[in-house]
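Just follow the structure's listing: the first ligand is 1, and inside any ligand the first atom is 1. Position 1 is the first residue of the sequence, and the numbers go up from there. Values in this document were obtained by computation on a predicted structure and should not be read as measured data.
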Amino acid sequence: MSKRNINIAVDGPGSAGKGTVARGVARKLGFQYIDTGAMYRSVALMCRRKGVAWNDEPAVAEIARNLKFFFGWDGDVLRIVVDGEDVTHEIRTNGIGRGASDVSALPLVRADLLELQRSLGEEGGVVMDGRDIGTVVLPDAELKIYLDADLSIRARRRHDEQLRRGEPVPYEQVKAGLAFRDTQDQQRDVEPLKQAEDAVYVNTSDMSIGGAVRHIMALARARL
Ligand code: DC
């Protein structure tokens with residue numbers, strides 16, 4: 001029997017470059033890329049639409065349990081379709097990021113999404129990014145990366161990204177929002193953001209995206 005493909009877990013704080021780097025690695029390896037943050041963001045968006053408060057645990061969990069996710073490539077864009085609706089852009093605002101951080105602190109919501117995330121990694125051959133992938137979702141992943149960068153650099157990247165999308169938010173506001181989310185994600189009681197003991201720490205503060213992808217590809221090749 002042939003050995004299944006390896007799994008790669010990429011964790012770290014917001015705007016450390018996890019998505020871009022994980023996507024680059026997945027493409028080079030022909031693996032599937034799974035963005036678990038997008039799932040929490042989608043739950044937050046659907047709660048807002050339905051007028052459900054982000055801290056109303058039973059109601060939020062009910063929404064999370066019934067969402068149908070579809071991830072698909074459209075050229076270079078990874079489209080996220082939830083219950084048949086393309087939410088790719090709508091989930092990327094600072095407000096929905098804050099909501100995602102709030103709903104992700106609820107144990108019932110995490111339990112709902114955990115099952116789905118684990119099943120996606122069952123066959124191997126995935127690069128999954130989030131906060132608890134190496135510690136909880138895929139603890140047996142063959143390669144675990146903890147991707148980090150200084151707060152001011154992450155804020156700059158996120159700010160630039162928002163300006164490109166035509167959202168003129170002040171830099172200081174973006175930085176404060178990220179700092180708030182870092183603290184909430186690291187200090188929550190359930191499955192907080194932390195580096196897995198066997199994860200490789202990669203700081204991208206002085207690294208280009210290409211450099212980070214090459215670095216992780218070298219680590220992945222050693223395990224293939
Ligand atoms: O990676 P992101 O910014 O899209 O994630 C949005 C929020 O979702 C983040 O603040 C914390 C939460 N999250 C989580 O708790 N666990 C994950 N595996 C992924 C994201």
(message) So is Q117 touching ligand 1 or not, going by heavy atoms under 4.0 Å?
(response)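 Contact check Q117 vs ligand 1: negative.
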
(request) For R110 and ligand 1, answer yes if some heavy atom of the residue is under 4.0 Å from a ligand atom, otherwise no. (result)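 It does, in that a heavy atom of R110 comes within the 4.0 Å cut-off of ligand 1.
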
(request) Verify the cluster assignment for L78 and M39: are they in a single hydrophobic cluster under the rule of side-chain heavy atoms below 4.5 Å apart? (result)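 Same cluster.
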
Check ligand 1 against [X] and write out every atom of the ligand that is under 4.0 Å from a heavy-atom position of the residue.
X	answer
D132	16 (N), 17 (C), 18 (N)
R41	2 (P), 3 (O), 4 (O), 6 (C)
R181	3 (O), 5 (O), 6 (C), 7 (C), 9 (C), 10 (O)

For [atom], what is the nearest protein heavy atom, given as residue, atom name and distance?
atom	answer
atom 7 (C) of ligand 1	A100 CB, 3.6 Å
atom 19 (C) of ligand 1	T36 OG1, 3.3 Å
atom 8 (O) of ligand 1	Y40 CB, 3.6 Å
atom 17 (C) of ligand 1	R131 N, 3.3 Å
atom 10 (O) of ligand 1	D185 OD2, 2.7 Å

(request) State, without any angle test, whether T93 and R98 hold a side-chain donor-acceptor pair at a distance under 3.5 Å. (result)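 No.
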
(message) Under a 3.5 Å threshold, yes or no: a donor from one side chain and an acceptor from the other, between E167 and N94?
(response)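 E167 vs N94: no donor-acceptor pair found between side chains.
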
(request) In plain terms, say whether E191 and R110 are close enough for a salt bridge, that is, a side-chain N and a carboxylate O under 4.0 Å apart. (result)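 Between R110 and E191 there is a salt bridge, with a charged N closer than 4.0 Å to a carboxylate O.
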
(request) Before accepting this row, confirm whether a basic side-chain N of the pair E122/R118 lies closer than 4.0 Å to the acidic partner's carboxylate O. (result)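 Looking at R118 together with E122, the answer is no, because their closest N to O distance does not fall below 4.0 Å.
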
(message) Ignoring hydrogens, what is the shortest heavy-atom contact between G95 and W54? Give both atom names and the distance.
(response)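 Result for this residue pair: O-CH2, 3.6 Å.
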
(message) Test: ring pair (Phe, Tyr, Trp, His ring centres under 6.0 Å). Region: residues 126-164. Which pairs qualify, not counting sequence neighbours?
(response)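 Found H159-Y171.
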
(message) For atom 15 (O) of ligand 1, tell me which residue out of R188, M39, E191 has the closest non-hydrogen atom.
(response)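 It is R188 that holds the nearest heavy atom.
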
(request) Would you please name every residue forming a salt bridge (Lys or Arg N to Asp or Glu O under 4.0 Å) with D160, sequence neighbours left out? (result)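 Partners of D160 by the salt bridge (Lys or Arg N to Asp or Glu O under 4.0 Å) criterion come out as none, since no residue qualifies.
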
